[in-house]
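Notes follow the structure.
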Amino acid sequence: MGGRRLAVIDRNRCNPKKCGLECMKYCPMVRMGKDAVKVEDGELIVDEELCSGCGMCVRKCPFKAISVVNLPAPVEGEEIHRYGPNGFTLYRIPILRFGNVVGLVGQNGVGKSTALKILSGELKPNLGRVYDEISWDEVVDRFRGSALGEYFKRLVGKEVRVIRKPERIDLLPKVIKGNVRDLLKHADEREVFDEVVESLKLEKILSRDLSQLSGGELQLVAVAAAYERDRDVYIFDEPSNYLDVCQRMRVSKLIRRLSRAERAILVVEHDLAVMDYISDYVHVIYGIPAVYGVVSLPHSSREGINILLEGYLPDDNVRFREEPLLFSGRTIQRRKKEVSKLVYYTKLIKSFEGSFILTVEEGDVGEGEVVVAAGPNGIGKTTLVKMLTGELVPDEGDVFTAGLRISYKKQELRRDYEGSVRMFLREKIPKALKSEYFNTEVMRRLRIDSLMDKELKSLSSGELQRVMITACLGKEADFYVLDEPSAFLDVEMRMAAAKAIRRIMEGEKKAAFVVEHDLIMIEWLADRIVLFRGSPGVEGHAFRPMNIRDGMNEFLKEVDITFRRDPETGRPRVNKPGSKLDELARKTGRYYM
Ligand code: ADP
Ligand code: SF4
């Protein structure tokens with residue numbers, strides 16, 4: 001086993017003018033007179049053929065700009081694209097299937113966006129040949145006789161038209177002006193305006209300007225606009241971000257409805273319950289972020305997701321993660337029997353000028369406990385959070401958090417900080433940075449080290465989320481409140497964040513209250529659940545904290561989906577509506593399991 005060696009240079013870090021060219025100076029090959037490392041036109045080049053893989057340059061570079069790795073699988077010759085000499089390489093690409101929904105799951109930074117750009121014709125792949133000018137004809141030729149070759153041929157011949165719902169929906173209002181109705185009327189090539197407005201419940205926001213929409217609303221509008229187009233290929237890049245569980249299910253159903261013999265649909269998604277529900281086939285993508293990525297063969301959605309969780313890909317005989325992401329038959333009632341209450345609140349009422357009213361049943365959060373708030377958007381979760389943190393005062397009732405120090409991670413992620421992540425964290429959590437426990441349990445899990453020297457402003461949404469979770473957990477506090485920590489994180493990071501949160505709560509007299517929409521993340525995190533019900537934007541009701549089984553059961557009943565357990569991994573799976581298991585679950589009233 002073991003394949004080719006890759007030397008990848010981070011061009012944002014490498015600066016041959018500022019360093020002492022340590023990589024070259026210490027390279028044993030260079031010392032022997034071979035040009036394994038050289039500077040060409042001001043750019044550092046490592047010759048992978050000559051490189052012996054000793055790793056000297058990796059260690060000596062003052063800016064940590066070089067990675068040298070051996071490919072774990074025999075994927076040599078399967079290069080789809082390489083971003084220039086010593087750039088990131090993508091091996092293989094998902095196969096679009098007309099008549100099916102194909103999913104792509106995997107870590108951030110291993111080439112999903114690159115694959116999408118190639119399949120949508122935005123990026124002409126160079127087959128890894130960075131010094132040659134490759135034509136589309138050569139690309140078609142390279143894959144001739146395969147489904148992929150056929151696809152590229154049609155793509156080049158402009159026989160397939162592609163629409164892509166982008167991941168960064170926050171950028172939409174910057175490029176499109178006007179209100180929701182105009183946008184959706186304009187995009188409506190298939191005359192499905194009424195259908196989509198009804199399915200995604202968009203009536204109330206039709207006359208709103210795009211710039212006034214919340215993240216969740218923008219997401220729905222972006223999905224709707226893509227749905228309305230009359231295309232051959234539909235690509236949905238992370239359609240569930242910012243959406244509540246009901247909205248996620250509505251979007252999933254809508255996307256499935258698109259599926260026809262003459263259409264191919266590709267979905268990238270980190271919410272595994274959504275991915276499982278939405279897709280017929282799944283490609284797993286693995287690799288090392290910013291170094292290389294490998295796309296697996298297509299698998300059934302169940303298999304593909306299990307492969308991702310397991311961290312082992314049988315097709316390539318590669319273990320791409322040391323440990324599986326487990327649902328180790330989770331102790332349903334993890335909460336210790338006798339825990340003292342850290343936070344306690346009586347029945348609460350809060351209304352906003354008669355337009356929205358929230359009632360909250362009495363509740364508490366015990367020491368060491370993680371309580372998760374679950375329910376639709378616009379139902380009052382953030383309002384309860386703000387009452388718990390003291391930012392809002394209830395009209396009726398009391399919250400007992402006197403003397404508790406509170407740390408609060410808000411839902412929205414702000415980039416308005418001048419300076420590096422290191423500076424930011426030194427300012428926010430100087431003490432935690434020195435703690436061995438914190439370094440092991442939080443920083444290492446969330447891989448903050450690799451972000452330390454980046455400007456906070458330049459981080460991707462997922463990277464920013466990791467930094468904000470770290471800043472929240474590192475604060476010296478008793479009560480930790482986190483609003484949607486899973487947004488923008490890949491599955492690995494969701495698990496890592498869940499573990500980090502739990503570990504910190506194991507400390508003396510600490511507890512957490514977390515708002516979360518990802519069902520699998522809820523499962524990883526929660527001891528108990530506060531369920532919200534009502535009518536979004538009008539009235540909301542929060543129940544007493546329930547144990548996870550009852551809470552999930554009620555929650556799923558509300559959302560109208562049923563779950564079963566995957567026998568192999570123990571992960572919860574959404575039953576397809578109308579299936580035998582679905583009917584059985586409904587009949588017995590056991591929506592969860
Ligand atoms: P994902 O979508 O899975 O997060 P991407 O496809 O965006 O991953 O990127 C994978 C890697 O490719 C990035 O980490 C980056 O190092 C590299 N990359 C992306 N775009 C470019 C580019 N235009 N030039 C050079 N490298 C790039
Ligand atoms: Fe200098 Fe590091 Fe770039 Fe080599 S890789 S030229 S040592 S910055």
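Ligands are counted one by one from 1 in listed order, and the atoms in each one are counted from 1 as well.
Every atom of ligand 2 is numbered from 1 in the order shown, and the set under 4.0 Å from a heavy atom of I66 is 5 (S).
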Sequence neighbours left out, cut at 3.5 Å: what donor-acceptor pairs do the side chains of residues 433-442 make with other protein atoms?
unit_1 : atom_1 : unit_2 : atom_2 : d
S435   : OG     : Y437   : N      : 3.3
S435   : OG     : F438   : N      : 2.9
Y437   : OH     : R503   : O      : 3.0
N439   : ND2    : L433   : O      : 2.8
N439   : ND2    : S435   : O      : 2.9
T440   : OG1    : E436   : O      : 2.8
E441   : OE1    : R445   : NE     : 3.3
E441   : OE1    : R445   : NH2    : 2.6
E441   : OE1    : R503   : NE     : 3.3

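Heavy-atom neighbours of Y312 OH from other residues, nucleotides or ligands within 6.0 Å: above the threshold of 12.
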Can Y242 and E217 be said to form a side chain to side chain contact (heavy atoms under 4.5 Å, CB included), step by step?
CA-CA 8 Å; Y242 297 121; E217 290 163 343; over 6 Å; no
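Ion pairing between D232 and R161 holds under the 4.0 Å rule for side-chain N and carboxylate O. For R571 and D276, the salt-bridge test passes: some basic side-chain N is under 4.0 Å from an acidic carboxylate O. The pair K38-E40 meets the salt-bridge criterion, since a charged nitrogen lies less than 4.0 angstrom from a carboxylate oxygen.
Protein contacts to atom 1 (Fe) of ligand 2 involving N, O or S atoms at a distance below 2.8 Å are C19 SG.
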